[in-house]
Amino acid sequence: METLQFRFEQGSRPLAGTAQLVGVVGSGNLEVLIEPAALAGACEIEVRTAAVGFGATWQAVMTDFHERWSLADARICINDMGATPAVVSLRLDQAAQSLAGGTP
């Protein structure tokens with residue numbers, strides 16, 4: 001297992017509501033827990049993954065997600081079992097839409 005931490009500053013889109021869980025931990029999939037958090041406008045993402053050594057790929061996917069959503073005061077926890085970048089993006093979009101509303 002590998003744990004990766006990402007933090008994006010100066011988000012502009014706050015979350016509304018309570019914590020939401022999307023997806024399921026299973027082969028080729030992942031679960032995303034998203035919740036509001038007092039982070040001075042930042043978005044923190046923690047990834048726990050069984051696929052070790054893909055930090056650069058995760059960085060690219062997380063940067064793309066932040067550029068689309070620009071979440072503010074958000075904490076996201078991801079439990080991954082080998083999901084592809086496309087599945088990761090889909091689940092992150094589902095999670096963000098559940099609390100931020102609208103589309104990226």
Side-chain angles (χ1 to χ4, degrees):
M1 290 294 288
E2 184 172 19
T3 301
L4 305 167
Q5 304 280 336
F6 303 95
R7 183 177 170 100
F8 298 95
E9 303 292 339
Q10 301 174 338
S12 61
R13 196 173 196 174
L15 300 178
T18 59
Q20 296 288 317
L21 182 67
V22 298
V24 61
V25 177
S27 181
N29 209 335
L30 71 151
E31 70 179 4
V32 176
L33 173 66
I34 186 170
E35 60 189 338
L39 298 171
C43 176
E44 290 183 346
I45 305 170
E46 179 179 87
V47 178
R48 295 182 196 121
T49 181
V52 176
F54 291 89
T57 301
W58 280 103
Q59 177 70 56
V61 172
M62 297 303 108
T63 299
D64 180 63
F65 169 74
H66 178 69
E67 288 173 356
R68 280 196 317 277
W69 285 95
S70 189
L71 295 181
D73 294 322
R75 181 172 290 121
I76 300 172
C77 295
I78 298 172
N79 293 313
D80 171 58
M81 288 298 292
T84 64
V87 172
V88 174
S89 290
L90 171 72
R91 293 287 181 237
L92 283 167
D93 286 347
Q94 287 175 325
Q97 190 169 25
S98 74
L99 287 184
T103 57

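Please read these numbers as outputs of a predicted model, since none were measured by experiment.
Here the closest heavy-atom approach between residue P85 and residue T57 is recorded as CG-CG2, 3.9 Å. Taking all atoms of both residues into account, the shortest heavy-atom contact from A37 to R75 is CB-NH1, 3.5 Å. What you find for V87 and A83 is that their closest heavy atoms are CG1-CB, 3.9 Å. Smallest separation of non-hydrogen atoms from P36 and L99: CD-CD1, 4.1 Å.
Put simply, F54 and M62 are part of the same group of oily side chains (I, L, V, M, F, W, Y) that touch within less than 4.5 Å, one to the next. Linking Ile, Leu, Val, Met, Phe, Trp and Tyr residues whenever their side-chain heavy atoms come within less than 4.5 Å places V22 and V61 in a single cluster. No path of Ile, Leu, Val, Met, Phe, Trp and Tyr side chains, each step under 4.5 Å between heavy atoms, connects L33 with I78, placing them in separate hydrophobic clusters.
For T3, the side-chain contact (heavy atoms from CB on, under 4.5 Å) partners are Q5, E46, R48, not counting sequence neighbours.
Within the 4.5 Å cutoff, side-chain heavy atoms of L71 are placed close to those of I76. Between L30 and V25 there is no side-chain heavy-atom pair separated by less than 4.5 Å. The shortest distance between side-chain heavy atoms of S98 and I34 falls below 4.5 Å. Contact check for V32 versus N79: no side-chain heavy atoms found under the 4.5 Å cut-off. Put simply, the side chain of F65 does not reach to within 4.5 Å of the side chain of V88, judged on heavy atoms.
Note that CD of Q94 and OG of S89 are 11.0 Å apart. Values are rounded to the nearest 0.5 Å. Distance check: N29 CG to L90 CG gives 8.5 Å after rounding to the nearest 0.5 Å. Summarising the geometry, atom CH2 belonging to W58 is positioned 12.5 Å from atom OG1 belonging to T63; distances are rounded to the nearest 0.5 Å. Atom CG in L21 sits 10.5 Å away from atom CZ in R91 (nearest 0.5 Å). Atom CH2 of W69 and atom CG of D64 lie 12.5 Å apart (nearest 0.5 Å). Taking CE of M81 as the start and OG1 of T49 as the end, the distance is 8.5 Å to the nearest 0.5 Å.
The aromatic rings of F8 and F6 lie parallel to each other, with less than 30° between the two planes, well short of the 60° mark.
No side-chain donor-acceptor contact under 3.5 Å links D73 to the backbone of L15. Although no hydrogens or angles enter the test, the distance criterion places a donor-acceptor pair under 3.5 Å between the side chain of S70 and the main chain of S12.
Applying the salt bridge (charged side-chain N to carboxylate O under 4.0 Å, His left out) test to pairs two or more places apart or on separate chains, those with a residue in residues 8-36 are R7-E9.
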